[in-house]
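Take a look at the structure set out below.
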Amino acid sequence: MEKRTFYITTPIYYPSDKLHIGHSYTTVAADAISRYKRLKGYDVMFLTGTDEHGQKIQRKAEARGITPKQYVDEIVSGIKELWKTMKISNDRFIRTTDDYHEAAVQKIFKKLYDNGDIYKSEYEGWYCTPCESFWTKTQLVDGKCPDCGREVELTKEESYFFRLSKYQDRLIKHIEENPDFIQPVSRRNEMLNNFLRPGLEDLCVSRTTFNWGVPVTFDEKHVVYVWIDALSNYITALGFMSENNSDYRKYWPADVHLVGKEIVRFHTIIWPAMLMALGEPLPKQVFGHGWLLLEGGKMSKSKGNVVDPVVLIDKYGVDAVRYFLLREVPFGSDGVFSNEALIQRINSDLANDLGNLVSRTVAMIDKYFGGVLPRQRTEGEFDSELKAMFAELPQKVEELMDKYQFSAALSEIWKAISRTNKYIDETMPWALAKSEENKPRLAAVIYNLAESLRIVSILIQPFMTETPDKIRHQLGISGSEALDWESAKRWGSYPEGVSVNKGEVIFPRIDIKKEMEELEKLNPAARTEQVPDSNAEAHGNKAAKENKDVSGSGNRAPQESKAASSDPTSKAELITIDDFAKLDLRVAKVLEAEKIEGSDKLLKLKLEMGGETRQVVSGIAKHYSPDSLVGKSVILVANLKPVKLKGIESQGMILAASNDDSLVIATLDSEIGTGAKVK
RNA sequence: CGCGGGGUGGAGCAGUCCGGUAGCUCGUCGGGCUCAUAACCCGAAGGUCGCAAGUCCAAAUCUUGCCCCCGCAACCA
């Protein structure tokens, strides 16, 4: 009989910057599912990769004076390194710059064109020449370029379009008839109500304004824009449209695409429509998980927020980090990452509960029996309850894993660990050890402990990669003995006559206070930020706003490994003194300040500057009350071109320092009189 | 009336779909034990489940209205 297959994917990540803990979150989750399915006997195909084309990368490469390919090569090797460090067991890694992928994309594009699903038209938009960017009307800010604030002009760009609208009804039908297609359900409703039912517009699928992409074969000035290039990776990786498509026939349709919640839309609307147009089956499920947020609020300053996965792995080990990611947040909801929470998890779950249980069990076998349990054992009170719990455990874990409820699955396993710790108190082995006649009973008690741990070591295999072996080694279970998933269902498989190896503590306790101080040192610029979810940069999000990179280079300790250690964007461009001289900075005094109706961020200020009054609109309402500003001396950018904000003219801008938490306006050390030049 | 998420003991969450003893983890306090990583086990304190009205024998859970917080979007010059 042929093995059942299981095909799972992560998004392909956009290598414009290095990855952060959020990307690791998605990938570790996919890895846990993959490992679980393999243990269950599936023939698994686990795919991850990178989405390497697009304007943003082209620009970044230009800025560094290297080719886009050189640029992405560097970052991609860092990403591969990271996955290796995190023990990600992907079977394949696709890069959209791989030649087989590019060839397949060209064929797909051509096929869709030949079928009439792609047609040539014009893309109307506002063009910002310095930025070389198109913007839609809604993206414009005050009718100007949202990036640089300069004037834009209405332009038409020749472009190819995909007939997305044609598939609208079929998509709705599919989603309604397949309740599992979009998970969790809340996302399903969102898609139907917000996008599908209001109606779809055709999608622009080519660009002429940049050339770092897959060329359209029959119209060389166009490159394929993100959608067809990126989304199709899920099938091109399997050889779709290539000479050898046996993997495609074997694994497609995918069992699950794991994605962050912000790109659910692309995967449940655009991607299925593309597949419909190609006449190929749709993926069975798209699972949109939540975001891993960083701790908010003022607390963070005293805590430090190192969120580079490599730092954490170096300090606490890969299993601790993997455990935390999968345990802390219920998959599907948003969760919070903090160093404190991580350390607490490590201490209480890993060190105190599991690590200590291994430690005391092995120590007792060593101390009471010289390292080898005797065969003669007597069952007794409390045994049946423990056994009953472990008898149910594998089944429970399976049910939860089938729903991708990692957190709950781990929670069940830890309940059993806890129960085992309690069993020691109930049976009091140290009391039994006092008399020779109780030895058979003592042996049974400790055997049950070892057996519990054996089962635990099997069940945690999807989540942790080193710990299972460490536990088995200490218990004296060698090689693949009693290691397979099914054996977790057979109580009594702990081998006879093996001798234990008292070894190192598996998870040392961490001194939380000391550790927080150390992390703080590692990360002097610690501040609260929001981690974009794991895929902030995947699939088409290139087009989205700026990326807020959590683990920006400033957070990285100097001795860190090179997982994408180069961050070409971090250094501000150098300017000359002449550039600086263009700014006319002046001291000004706040005469009046008031809130602007209908805005929660803006204040209207009246300033006095060397006899002249200026009206300035400033986005500081969340940090300053109007009253507190009156009378303050501030620094004004006096020669800024006036603009209207909320219909109110702003004639300049006042300087303020800010990070994500707070904002402080720049004032002066002592009085000097308004109008004084600042330089 | 822009979209979405949320308000449950000190902290973080579950429970809300399918009304019926308010549960878990951490922390605090007290006790037990000594095999173990100052760990483990037991117990206790602590919540009018954001507010109000309604339905019902019964509401954290259903209905309606309101308040507050957090993302996103929009104004952040």
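In the text below, chain A, chain B and the rest are named by the order of the sequence lines, each starting its count at 1. Nothing here was measured: the structure is a model prediction, and the numbers come from that model.
Tyr368(A) comes within 4.0 angstrom of the backbone, heavy atoms only, and of no base. Ala351(A) comes within contact range of at least one nucleobase, with a heavy-atom separation under 4.0 Å. Using a 4.0 Å heavy-atom criterion, one finds that Asn347(A) contacts no nucleic acid atom at all.
Contact check, Lys422(A) against rC42(B): a side-chain N or O comes under 4.0 Å of OP1 or OP2. Residue Arg360(A) has no polar side-chain atom (N or O) positioned under 4.0 Å from OP1 or OP2 of rA39(B). Taking 4.0 angstrom as the limit, Ser418(A) places none of its side-chain polar atoms (N or O) nearer than this to OP1 or OP2 of rU25(B).
In this structure, the CG atom of Asn356(A) is 8 Å from the P atom of rA38(B), given to the nearest Å.
In this structure, Met428(A) and Ser359(A) both approach RNA chain B, and ranking their closest nucleotides by distance from the 5' end singles out Met428(A). In this structure, Asn421(A) and Ile506(A) both approach RNA chain B, and ranking their closest nucleotides by distance from the 5' end singles out Ile506(A).
Nucleotide rC72(B) forms a pair with rG2(B), judged by Watson-Crick or G-U wobble geometry with both contacts under 3.5 Å. Under the Watson-Crick and G-U wobble criteria, each requiring two contacts below 3.5 Å, nucleotide rG12(B) is paired to rC24(B). Under the Watson-Crick or G-U wobble criterion, with both distances below 3.5 Å, rC40(B) is paired with rG32(B). Across all strands shown, rG65(B) is found opposite rC51(B) as a Watson-Crick or G-U wobble partner, with both distances under 3.5 Å.
Put simply, the side chain of Asn448(A) reaches to within 4.5 Å of the side chain of Asp383(A), judged on heavy atoms.
Relative ring orientation between Trp414(A) and Tyr323(A) is described as tilted, the plane-to-plane angle lying within the 30° to 60° band.
Taking CD1 of Ile471(A) as the start and NE2 of His473(A) as the end, the distance is 12.5 Å to the nearest 0.5 Å. The CG atom of Leu410(A) lies 9.0 Å from the CD1 atom of Ile460(A); values are rounded to the nearest 0.5 Å.
For rG15(B) and rG54(B), the P atoms lie 29 Å apart once the distance is rounded to whole Å. Only the C1' atoms considered, rU21(B) is 15 Å distant from rG47(B), to the nearest whole Å. rC1(B) and rC66(B): their P atoms are spaced 15 Å apart (whole Å). Taking the P atom of each, rA44(B) and rU8(B) are spaced 24 Å apart, rounded to whole Å. If you take atom C1' in rC24(B) and the same atom in rG46(B), they sit 16 Å apart, rounded to whole Å. Look at the C1' atom in both rA45(B) and rC29(B): the space between them is 7 Å, to the nearest Å. Taking the C1' atoms as reference points, rU61(B) lies 40 Å from rA39(B), given to the whole Å. With both ends at atom P, the span from rG27(B) to rC68(B) equals 36 Å, rounded to whole Å.
Comparing atom distances between the Ser348(A) side chain and each of rC26(B), rA36(B), rU37(B) picks out rC26(B) as nearest. Among the nucleotides rC33(B), rA77(B), rU25(B), the one closest to any side-chain atom of Trp430(A) is rC33(B).
In the model, Asn356(A) has no side-chain atom that pairs as donor or acceptor with a side-chain atom of Arg509(A) under 3.5 Å.
Put simply, the side chain of Asn352(A) and the base of rA39(B) share no donor and acceptor less than 3.5 Å apart.
Counting non-hydrogen atoms of neighbouring residues, nucleotides and ligands closer than 6.0 angstrom, the NZ atom of Lys387(A) exceeds 12 such neighbours.
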